[in-house]
Protein chains: 2
Amino acid sequence: MTQRSFRRASGDERSQALIKATLASIAEGGLQNATVRDIAQRAGVTAGLIRHYFPSKEALIQAAYRALMQDLTDNVMAALSDVPSLSAGQRLQRFIEANFQAAVLDSQMLSLWAAFISVVPSDPAMKAIHQEHYLAFRDSLEQLLTAFFQAQGKAIKASETEQAAIAINAIIDGLWIEGCLAQHLLSAERLAALAVQSTEAILGMRLQANHEANC
Amino acid sequence: MTQRSFRRASGDERSQALIKATLASIAEGGLQNATVRDIAQRAGVTAGLIRHYFPSKEALIQAAYRALMQDLTDNVMAALSDVPSLSAGQRLQRFIEANFQAAVLDSQMLSLWAAFISVVPSDPAMKAIHQEHYLAFRDSLEQLLTAFFQAQGKAIKASETEQAAIAINAIIDGLWIEGCLAQHLLSAERLAALAVQSTEAILGMRLQANHEANC
DNA sequence: AAATTTATTATACAGTTGTCTAACAAGAAC
DNA sequence: GTTCTTGTTAGACAACTGTATAATAAATTT
């Protein structure tokens with residue numbers, strides 16, 4: 001048997017390609033679809049190579065979950081970093097709206113997220129990854145809220161900030177899910193507007209003072 | 001080979017046992033865990049029997065998804081039917097709170113839901129089942145909202161009712177997910193209260209007139 | 001240019017998967 | 001009690017699964 005020619009890739013490059021292929025495979029047909037052979041094919045390598053970069057398929061799945069969450073976080077955070085000076089309200093609004101970008105509001109992204117979530121309750125390692133990112137997300141939200149309350153000159157108890165963060169997180173997640181599942185019925189703009197509007201309702205104040213405030 | 005003794009069950013009884021076993025299997029370890037052998041063992045039968053009741057494993061999974069959604073719907077609707085005369089606001093509140101019952105606010109229930117959702121985007125049959133139940137749920141919510149607006153004597157456009165239903169649905173789903181994933185951090189009562197409170201904020205009015213309304 | 005390292009392939013392996021078939025036994029009909 | 005129907009079991013099947021191992025070729029070092 002003659003061996004096919006191949007290209008030697010530097011470690012990081014190939015492992016990231018494998019992670020990307022894993023996410024693509026799961027997105028297309030759930031965790032069941034993501035066999036080592038399917039993943040390898042998508043990455044353009046043979047199945048055996050996976051074990052050269054990851055101790056087991058399980059470890060690859062975990063790495064893929066971590067990478068996905070990191071990517072989502074980075075994507076949302078990028079919406080805040082590229083513009084230097086924004087008011088606290090504007091920053092909060094940007095943060096919320098960033099969750100409805102085309103890259104995030106996508107049925108394959110939902111498929112991915114759901115596949116991972118379905119094993120989080122029963123898989124300790126996956127649960128740990130989830131907890132870490134969930135708390136980081138909610139923490140970012142709480143910080144934005146605290147800054148916003150401060151800018152508004154309102155003294156708000158920490159427990160109230162936490163409560164608002166939980167509710168706003170819920171409405172972001174809920175609208176994101178609805179949007180991904182019914183992409184043809186709900187546009188990204190409408191969802192983002194609804195999320196902002198609902199947030200303003202929950203907080204009892206507007207994020208931007210475009211219109212004059214009513215008593 | 002001597003054959004083990006067994007009990008002949010009437011058609012419906014056994015197929016429902018199989019569906020129940022399927023849900024239990026998926027809840028415990030996702031769709032991957034739900035092999036015909038595992039399902040059969042949980043139902044106390046041999047694997048071959050599944051094909052006597054369902055044309056394929058795929059059909060069993062679909063039946064299980066349908067049964068789960070129906071069960072969830074029934075569970076929430078029961079909260080409205082057992083008490084005859086309630087105000088429109090009280091009915092709406094009950095409907096919302098029913099989503100945070102112990103039977104619904106459960107990490108295994110989330111695991112189940114997520115496992116199914118993960119294949120909805122890519123599986124047309126599963127997508128059809130989802131659409132049907134999602135629209136039915138939102139429709140119930142819209143009807144409750146319409147009745148509530150009417151009772152309040154406010155004339156609200158249909159589009160606004162729909163928009164409110166989407167937002168309220170989102171907050172129910174989002175809080176439910178957060179609650180299931182962080183059961184130790186968020187009590188059912190707190191979540192239900194948050195959902196009702198957020199709904200009131202979105203609608204701009206209280207569901208029950210316990211306290212006197214402020215200007 | 002030769003030697004060394006190691007990323008990559010090819011292949012094998014035991015265990016698991018969904019499906020199928022034939023034998024069988026439980027209950028109903030007569 | 002005998003016959004008939006069919007729910008149920010047992011077992012086999014090919015295809016697929018994650019993992020392991022040895023050969024091999026692409027870079028790197030010398």
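Numbered from 1 within each chain, the chains take letters A, B, ... in sequence-line order.
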Of the listed nucleotides C/dA12, C/dG27, C/dA7, the one nearest the side chain of B/R7: C/dG27

Atom CD of B/Q41 and atom P of D/dA10: how far apart are they, to the nearest Å? 13 Å

Between CD of A/E13 and C1' of C/dT8 the distance, given in whole Å, is 14 Å

In this structure, how many angstroms lie between the C1' atom of C/dT17 and the CG atom of B/L31, rounded? 15 Å

In whole angstroms, the gap separating P of D/dG7 from CD1 of B/I50 amounts to 16 Å

Go through A/Q143 and A/T146 one step at a time and tell me if the side chain to side chain donor-acceptor pair (under 3.5 Å) criterion holds. CA-CA 5 Å; A/Q143 281 178 25; A/T146 304; over 6 Å; no

Sub-6.0 Å ring centroid separation between A/F95 and A/F137: yes

Return the nearest nucleotide to the side chain of A/L49; candidates are C/dT8, D/dT19, C/dG18. C/dT8

Within the pair B/H52 and D/dG7, is there a side-chain N or O less than 4.0 Å away from OP1 or OP2? yes

Could you state the OH-P distance from B/Y53 to D/dT6, rounded to the nearest angstrom? 12 Å

Would you indicate what A/T35 reaches in the nucleic acid, counting non-hydrogen atoms under 4.0 angstrom: base, sugar-phosphate, or nothing? sugar-phosphate

Answer yes if the side chains of B/N33 and B/E28 hold a donor-acceptor pair under 3.5 Å, and no otherwise. no

Please tell me which of A/R37 and B/Q32 maps to the more 5' nucleotide of DNA chain C, matching each residue to the nucleotide holding its nearest heavy atom. A/R37

Donor-acceptor pair under 3.5 Å: do we get one between B/R14's side chain and the base of D/dG7? no

Between B/N33 (CG) and D/dG18 (C1'), how many Å, whole number? 16 Å

What is the separation between atom CD1 on B/I61 and atom C1' on C/dT17, rounded to the nearest whole Å? 13 Å

Please check this pair: side chain of A/S25 against backbone of A/T22, looking for a donor-acceptor N/O pair closer than 3.5 Å. no

